[in-house]
Amino acid sequence: MLKDTYCGDLRAADTGRTVRLAGWVHRRRDHGGLIFIDLRDSHGLVQAVFDPGNAAAHEVAHRARSEWVLAIEGTVQPRSPATVNRNIPTGEVEVIPTRCEVLAESETPPFYINEPVEVDETLRLKYRYLDLRRPDVARTIRLRHEVVRYIRDFLAGRGFVEVETPTLIKSTPEGARDFLVPSRMRPGHFFALPQSPQILKQLLMVAGFEKYFQIARCYRDEDFRANRVAEHTQLDLEMSFVDESDVMGLIEELYAGIAREFGPGPQSSPFPRLDYADCMARFGIDRPDLRYGLEFASIAEPLRSSSFQVFASALAAGGEIKAIRVPSKADMTRREIDELTEIARGGGAKGLATIGLLPGGEVRSPIAKFLTGGELRGVSTLAGAAEGDMLLIVADTREVVAASLHRVRDALGDRLGLKTPGVLSFAWVTGFPLLEWRPEEDRWDATHNPFSGFRPEDRELLDSDPGRVVARQYDLTLNGAEIGGGSVRISNRADQEKVLGLMKYTREQMQDRFGVVLDSLEFGAPPMGGVGMGIDRLLMSLAGTENIRDVIAFPKASSGLDPLMGAPSPVDVGQLDELGLRVVTDVEPV
RNA sequence: GGCCCCGUGGUGUAGCGGCCUAACAUGCCACCCUGUCAAGGUGGAGAUCGGCGGUUCGAAUCCGCUCGGGGUCGCCA
């Protein structure tokens, strides 16, 4: 090694030591005589002081520029009390070089490495190897390593076996779009990259491993979002001889531990458990942000016979009327109300009714003239409103009320500063329907995954009313994001075929797409259940970022392209020939 | 694919019809400077305003198209 000590590790206790350091010039302060260089390495930075007395070293320090790589041999000495820097961990000491060598010079970097300034993302990604030098960026990637190591240690300590599964598997057309890989051995045939190792881990259970996990890369060829990329990493896990509580208990212990080790701990422990229907009624979404309240109140009852047409017709059509009570915001500005109305419209609502209960009993509301005093009082009571509060109301179908008020609640969370950074608010959601109806395709479809089990007591409903069958499914949410989910699986062939049949698969299609699973269930499949947990989203919350690219070392841009490697790219005709492929370019008519 | 926002020296921003021969900060280069730590001082180089086309006597500024980026809806079993 060219170094025997990390810059960032030096402390007062190292005083008097002779050390060999190597790292990057973080910052240079040239006083003409004295030159200070902050030398940075993977552990942090330390100040080196070059005196003209050591002419050779001083000359190097004079020439050196930002991001040059230096090797320094010197002695650690305490700083005089007046020059101690309390702002950095190494601030009590400095290094007096006896020797200084340039290992590499550097161009001026295209953006600041020594200051946490927002830089254009394309530029950051193109020079990701420089971006990753920035301490804040690097810290997040290191955090990722620590969290994954914690997960591995935790699971290995409980008898789980980490098994790798293939990244070239069979394509299944349902669900997200697959990334395809052409086969040279069988031209015209394709592998797909896995959207998850779901089938393979179930086979591992049939194989008798009993406890499996993997830090698995998963691929989906869909458009990106702030918290969604084409390739994400999940903790994939499966257990045999378990029910819901076993898996949920294990994951809760793991995640509460992570929250304590790498953050302030979970906001509530044990994690709150919400029923899907209850959740939709109170928050309009199956992954509510529980860092704040602003729950919905149903205020339909007093309005049953209202003369206000909007309310009356919504109820007559079987819809709902719900309100969010915003404490002490009766004085909300016209502009704020207009913006929230626009947000509500985004969820399908035709408008947003507001009732401001001004102090003193006056009511500020464009719809007050349509409501009787009794109706207003009834609404206020149901919403739990007091003087000074503002009520935001949507009347429409159940779906529109949920979608619209969810957006309003989410926007209020941002605007009122209720999404406290750093707080880790976990919650389980259970009680999901197993199937949802796809009218345009005239069939049922799995709400989560086709292997999810169902409550035994709902068996009859599979024939009579499939939409009411409840899945043995559990999702874990964190601060309003779904960070994972899983289920107890179907573990016998008849039940699995029954469910696939409701999804309108023919015998042939079942055998073609799910034959492996179905066949395996005939050879002694244990009861099994597991989860797939999104590692990237978990890291986002732990690192306090809204951008998933921040937690990935080499991410794609939101366009799905890679500015660093320049991928994707055209390939040689020869490569295509071997694969039996020809590129057809669509030419737009001029 | 739809919609919204952004694109000005290396970086981050200002300018939003003539005052722009494009401003500020920082970075960069040179010199001065022995205790700074976002060192300080003096001087200097550096952008025709993403690209193309149009409107106008005149365009960084207005319009259209296009490219790139970010967000969002669709999509994501």
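On a predicted model such as this, the values are computed, not experimentally measured, just so you know.
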Contact state string [nucleotides 2-7 of chain B, B base, S sugar-phosphate only, - no protein heavy atom under 4.0 Å]: ------
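- Here the side chain of A:Pro110 is nearest to one of B:U36, B:C75, B:G10, namely B:G10.
- Using bins of under 30°, 30° to 60° and over 60° for the plane-to-plane angle, the ring pair A:Tyr129/A:Tyr127 lands in the perpendicular bin.
- Taking atom NE2 of residue A:His62 and atom P of nucleotide B:C29, one finds them 11 Å apart after rounding to whole Å.
- For A:Arg27, whose side chain is taken as the heavy atoms from C-beta onward, the closest listed nucleotide among B:A38, B:G12, B:U34 is B:A38.
- When the side-chain hydrogen bond (donor to acceptor under 3.5 Å, both in side chains) test is applied to A:Gln202, the partners found at least two apart in sequence or on another chain are A:Gln198.
- Distance CG (A:Asp38) to P (B:C37): 11 Å, rounded to an integer number of Å.
- With a cut-off of 3.5 Å on both pairing distances, the Watson-Crick or G-U wobble partner of B:G68 is B:C6.
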Between N or O atoms, less than 3.5 Å apart, protein on one side and nucleotides 70-73 of chain B on the other: list the pairs.
residue, atom, partner, partner atom, Å
B:G70, OP1, A:Ser558, N, 2.8
B:G70, OP2, A:Ser558, N, 3.1
B:G70, OP2, A:Ser558, OG, 2.3
B:G70, O5', A:Ser558, OG, 3.4
B:G71, OP1, A:Arg549, NH2, 2.9
B:G71, OP2, A:Arg549, NH2, 2.8
B:U72, OP2, A:Ala226, N, 2.9
B:C73, OP2, A:Arg225, NE, 3.2
B:C73, N4, A:Arg225, NH2, 3.3

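- At the phosphate of B:C28, neither OP1 nor OP2 sits under 4.0 Å from any side-chain N or O atom of A:Arg65.
- Under 4.0 angstrom from either OP1 or OP2 of B:A39 there lies at least one side-chain N or O belonging to A:Arg29.
- By the 5.5 Å and 30° criteria, A:His31 is stacked with the base of B:A39.
- Taking atom C1' in both B:A45 and B:G53, one finds a spacing of 34 Å when rounded to whole Å.
- The listed nucleotides are B:G69, B:A77, B:U11; the one nearest the side chain of A:Phe111 is B:U11.
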